Enquirer: 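Structure incoming, see below.
Computed from a predicted model, the values in this text were never measured in an experiment.
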Amino acid sequence: LRIRREKELPVYERLGDVRERAVTLGRIADILTARGQVDEALRIRREEQLPVYERLGDVRSRAVTLGKIAGILTARGEVDEALRIRREEELPVYERLGDVRERAVTLGKIADILAARGQVDEALRLHIDEELPVARAMGDIEGIAHIRYSCAMIRLQRGGLGADEAQTIFEELTESFTLARQLGRVDAIGAIGVAYGQVLAAAGQATEGLVVLDQAAEAFAILKQTDHVAQIRALQAKIQERVPA
């Protein structure tokens, strides 16, 4: 952050390079967001970065910046405005540009907002009919893993294990977890593994579920997220209590 602010940004300002100044401000905003300083990050996006791309007529960079703004608003719970930006300002740009990948990704983010609002049927439709086919066609392994996990979590949210969706949830989490391990993404292994391990245990595959939960705990240990490790160990203890001797 210090380098961006004190070393890099002043150079572009002295050169009068408004585009690179805006790009650097965006990277500063990324760091601030990661540090939890979302108010300042949002101010930079809206007041300093976005107007530059609008003046330059750079519709793609404007759309990307709007997506960043929508992401901050979603995290702050301002989901109505985030949804409006995604649908009315970001998505149409990618459609006009013919950018099928970014259109699909944006639809997936819209689906995430809808799921959080309880509109689970439409959220699932967007993930399955609009986003997943594009990810598969492009061989986007990380995207497929995320989409399949998202779908499983939506189904679980609406009580899928007690309905007709148990097998679908199992298949979605199996593929998602397998791909996460293939990628070596410890954050994904941890998050997906927690859900997958519990689903396996609920389906009567306690031994397999405990193994997956072990892998999730190991992933969180690598990330030094000790609270998650402790929660998983407590969960494993409860599962083991239910396993016949």
Side-chain angles (χ1 to χ4, degrees), residues 74-75 77 79 105 108-133 135-136 139-245:
T74 301
V79 292
V105 168
K109 289 172 181 173
I110 289 171
D112 290 338
I113 295 173
L114 293 175
R117 285 170 46 148
Q119 296 171 253
V120 293
D121 291 339
E122 177 61 8
L124 271 176
R125 187 193 70 77
L126 289 175
H127 278 314
I128 295 168
D129 296 343
E130 302 274 2
E131 190 182 12
L132 186 59
R136 290 202 186 282
D140 181 359
I141 296 174
E142 186 172 349
I144 295 166
H146 175 72
I147 296 162
R148 295 285 271 173
Y149 171 68
S150 296
C151 290
M153 297 309 290
I154 290 171
R155 296 184 203 279
L156 286 168
Q157 177 185 329
R158 68 180 186 186
L161 282 181
D164 299 330
E165 294 186 310
Q167 182 60 32
T168 303
I169 292 169
F170 175 79
E171 291 170 0
E172 287 170 340
L173 288 176
T174 298
E175 182 176 18
S176 182
F177 189 69
T178 300
L179 293 176
R181 293 193 67 202
Q182 181 181 327
L183 290 166
R185 283 284 305 273
V186 288
D187 55 341
I189 291 168
I192 300 165
V194 171
Y196 187 34
Q198 291 181 83
V199 167
L200 284 168
Q205 301 179 50
T207 301
E208 294 84 349
L210 289 168
V211 170
V212 169
L213 288 170
D214 264 337
Q215 293 167 342
E218 289 165 6
F220 283 124
I222 292 170
L223 296 170
K224 301 188 186 307
Q225 295 183 9
T226 54
D227 288 350
H228 287 305
V229 175
Q231 290 167 9
I232 292 171
R233 295 309 183 199
L235 182 59
Q236 286 179 305
K238 290 181 181 179
I239 293 171
Q240 286 172 324
E241 287 173 2
R242 299 196 298 266
V243 176

Enquirer: Begin from the C-alpha positions of Arg136 and Glu175 and carry the test salt bridge (charged side-chain N to carboxylate O under 4.0 Å, His left out) through to its verdict.
Expert: CA-CA 13 Å; Arg136 290 202 186 282; Glu175 182 176 18; 3.0 Å; yes
Enquirer: For a side chain to side chain contact (heavy atoms under 4.5 Å, CB included) check, start with the C-alpha distance between His146 and Asp112, then their side-chain angles and the critical distance, and finish with the verdict.
Expert: CA-CA 11 Å; His146 175 72; Asp112 290 338; 4.0 Å; yes
Enquirer: Enumerate donor-acceptor pairs with a distance under 3.5 Å from any side-chain N or O in residues 225-233 to protein atoms, sequence neighbours excluded.
Expert:
from   : atom 1 : to     : atom 2 : distance (Å)
Arg233 : NH1    : Asp214 : OD1    : 2.6
Arg233 : NH1    : Gln236 : OE1    : 2.7

Enquirer: NZ/Lys109 to CG/Leu114 distance, rounded to the nearest 0.5 angstrom?
Expert: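 With rounding to 0.5 Å, NZ (Lys109) is 14.5 Å from CG (Leu114).
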Enquirer: Among Leu156, Val212, Leu173, Leu235, which residue satisfies the side chain to side chain contact (heavy atoms under 4.5 Å, CB included) criterion with Gln198?
Expert: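 So the option named by the test is Leu235.
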Enquirer: Go through it in stages, so that I can follow the logic: the residues are Arg158 and Asp121, the test is side chain to side chain contact (heavy atoms under 4.5 Å, CB included), and I'd like the CA-CA distance, side-chain angles, deciding distance and then a yes or no.
Expert: CA-CA 10 Å; Arg158 68 180 186 186; Asp121 291 339; 2.5 Å; yes
Enquirer: Might you point out which heavy atoms bring Tyr149 and Ala191 nearest each other, and give the distance in Å?
Expert: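 Closest approach of Tyr149 to Ala191, heavy atoms only: OH-O, 3.8 Å.
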Enquirer: Could you check Leu126, Ile128, Val120 and say which one makes a side chain to side chain contact (heavy atoms under 4.5 Å, CB included) with Leu124?
Expert: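 The residue from Leu126, Ile128, Val120 that satisfies side chain to side chain contact (heavy atoms under 4.5 Å, CB included) with Leu124 turns out to be Ile128.
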Enquirer: Could you please spell out the steps behind the side chain to side chain contact (heavy atoms under 4.5 Å, CB included) verdict for Gln205 and Phe170?
Expert: CA-CA 11 Å; Gln205 301 179 50; Phe170 175 79; 4.2 Å; yes
Enquirer: Would a distance-only check, ignoring hydrogens and angles, find a side-chain to backbone donor-acceptor pair under 3.5 Å from Gln157 to Ala115?
Expert: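 Such a contact is found between Gln157 side chain and Ala115 backbone.
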Enquirer: Assess whether a salt bridge exists between Glu171 and Arg148, defined as any Lys/Arg side-chain N lying under 4.0 Å from an Asp/Glu carboxylate O.
Expert: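 Judged by the 4.0 Å cut-off on N to carboxylate O distance, Glu171 and Arg148 do not form a salt bridge.
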Enquirer: Please report the interatomic distance OG1(Thr178) to CD1(Ile192), rounded to the nearest 0.5 Å.
Expert: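 Taking OG1 in Thr178 and CD1 in Ile192, the distance rounds to 9.5 Å.
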Enquirer: Assess whether a salt bridge exists between Glu241 and Lys238, defined as any Lys/Arg side-chain N lying under 4.0 Å from an Asp/Glu carboxylate O.
Expert: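 Salt bridge between Glu241 and Lys238, a charged N being under 4.0 Å from a carboxylate O: no.
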Enquirer: Tell me the closest heavy-atom pair linking Ile147 and Ala135, and the distance in Å.
Expert: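 That would be CD1-CB, 3.9 Å.
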Enquirer: Are there over 12 heavy-atom neighbours, none belonging to Arg125, within less than 6.0 Å of that residue's CZ?
Expert: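 Counting neighbours around CZ of Arg125, more than 12 heavy atoms of other residues, nucleotides or ligands fall under 6.0 Å, so yes.
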Enquirer: Less than 4.5 Å apart, any side-chain heavy atom of Glu142 and any of Asp140?
Expert: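 They are in side-chain contact.
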Enquirer: Without swapping roles, check the side chain of Ser176 against the backbone of Glu172 for a donor-acceptor pair under 3.5 Å.
Expert: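 Looks like no, no N/O pair under 3.5 Å.
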Enquirer: Heavy atoms only: give me the nearest Val186-Ala219 pair and the separation to one decimal.
Expert: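 Taking every non-hydrogen atom into account, O-CB, 3.2 Å.
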Enquirer: If you apply the rule side chain to side chain contact (heavy atoms under 4.5 Å, CB included), what do you find for Ile154 with His127, and how did you get there?
Expert: CA-CA 10 Å; Ile154 290 171; His127 278 314; 3.7 Å; yes
Enquirer: Tell me the closest heavy-atom pair linking Leu223 and Asp187, and the distance in Å.
Expert: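 Closest approach of Leu223 to Asp187: CD1-CA, 3.7 Å.
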Enquirer: When rounded to the nearest 0.5 angstrom, what distance separates CG in Leu213 from CD1 in Ile239?
Expert: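 Going from the CG atom of Leu213 to the CD1 atom of Ile239 covers 5.0 Å.
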Enquirer: A side-chain contact here means heavy atoms from C-beta on lying under 4.5 Å apart; do Phe220 and Val194 qualify?
Expert: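 Phe220 vs Val194: side chains touch.
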